[in-house]
S.K.: 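Structure below; questions to follow.
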Amino acid sequence: MIAEFEREEGVTRVSVSTLLDIVQVAAKKIPGVVNVQMPRNKAGVVVREQPLNASDKVPLEDGVLEINLVLTLREDCQFHQVALEVQKAVFEALRDYFGISPQRVNVGVQEVVWS
């Protein structure tokens with residue numbers, strides 16, 4: 001899968017797997033996050049409400065990407081607060097790397113690591 005955007009200077013293409021790698025790295029930096037995955041039953045990246053297929057090209061424009069993540073968290077964190085911080089970190093990473101803001105970042109807590 002390739003993400004692509006065109007500006008006056010030319011076309012930039014980024015693989016969706018690279019985009020998701022950036023999303024995962026940003027999310028893993030948040031204290032309390034043990035693991036970050038894409039949901040099993042839902043696409044990790046959605047464009048204009050359409051899940052991506054392997055051959056799709058994704059326009060990197062403000063407000064068209066939807067990111068879906070599932071987290072494994074440590075028991076000693078505030079789940080809601082960590083989810084909000086993950087959303088903010090993903091928004092900032094996409095803005096910093098690609099100059100875009102996604103439409104939304106959906107975060108689910110799939111698992112908690114209990115000590």
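What you see below is based on every heavy atom in this structure, not just the backbone, and it leaves out hydrogens, waters and symmetry mates.
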S.K.: According to side chain to side chain donor-acceptor pair (under 3.5 Å), who are the partners of Asp76, at least two apart in sequence or on a separate chain?
M.R.: Arg74
S.K.: Between Leu20 and Met38, is any pair of side-chain heavy atoms under 4.5 Å apart?
M.R.: yes
S.K.: Give, for atom CD of Gln87 and atom CD of Glu92, the distance between the pair rounded to the nearest 0.5 Å.
M.R.: 12.0 Å
S.K.: Does the side-chain contact (heavy atoms from CB on, under 4.5 Å) test come out yes or no for Val90 and Leu69, once each step is laid out?
M.R.: CA-CA 10 Å; Val90 169; Leu69 306 171; 4.0 Å; yes
S.K.: Please name the pair of heavy atoms, one in Ala93 and one in Ala26, separated by the smallest distance, quoted to 0.1 Å.
M.R.: CB-CB, 3.7 Å
S.K.: Are Ile67 and Val109 connected, step by step, through hydrophobic side chains (Ile, Leu, Val, Met, Phe, Trp, Tyr) whose heavy atoms are closer than 4.5 Å?
M.R.: yes
S.K.: Could you check if a side-chain atom of Val86 sits within less than 4.5 angstrom of a side-chain atom of Val33, using non-hydrogen atoms only?
M.R.: yes
S.K.: When you measure from the side chain of Glu66 to the backbone of Arg104, do you find a donor-acceptor pair of N or O atoms at a distance under 3.5 Å?
M.R.: no
S.K.: How long is the straight-line distance from OG of Ser101 back to CG of Leu65, given to the nearest 0.5 Å?
M.R.: 10.0 Å
S.K.: About how many Å separate CZ of Phe91 and CD1 of Ile100, when rounded to the nearest 0.5 Å?
M.R.: 10.0 Å
S.K.: Roughly how far, to the nearest 0.5 Å, is NZ of Lys29 from CD of Glu85?
M.R.: 14.0 Å
S.K.: Please give the remaining members of the hydrophobic cluster of Val34, linking ILVMFWY side chains under 4.5 Å, ordered by chain and number.
M.R.: Val113
S.K.: May I ask you to check whether over 12 heavy atoms, not counting those of Lys88, lie within 6.0 Å of atom NZ?
M.R.: no
S.K.: Between Val105 and Val107, does a side-chain contact (heavy atoms from CB on, under 4.5 Å) hold up when you go through it step by step?
M.R.: CA-CA 6 Å; Val105 175; Val107 174; 4.1 Å; yes
S.K.: Does any part of the side chain of Val112, heavy atoms only, come nearer than 4.5 Å to the side chain of Thr72, both counted from C-beta?
M.R.: no
S.K.: Between Asn35 and Leu71, is a side-chain contact (heavy atoms from CB on, under 4.5 Å) present by the stated rule, with each step listed?
M.R.: CA-CA 6 Å; Asn35 194 23; Leu71 305 176; over 6 Å; no
S.K.: Taking C-beta and beyond as the side chain, do Leu19 and Phe98 meet within less than 4.5 Å on heavy atoms?
M.R.: yes
S.K.: What distance do Gln110 atom CD and Leu73 atom CG have between them, rounded to the nearest 0.5 Å?
M.R.: 10.5 Å
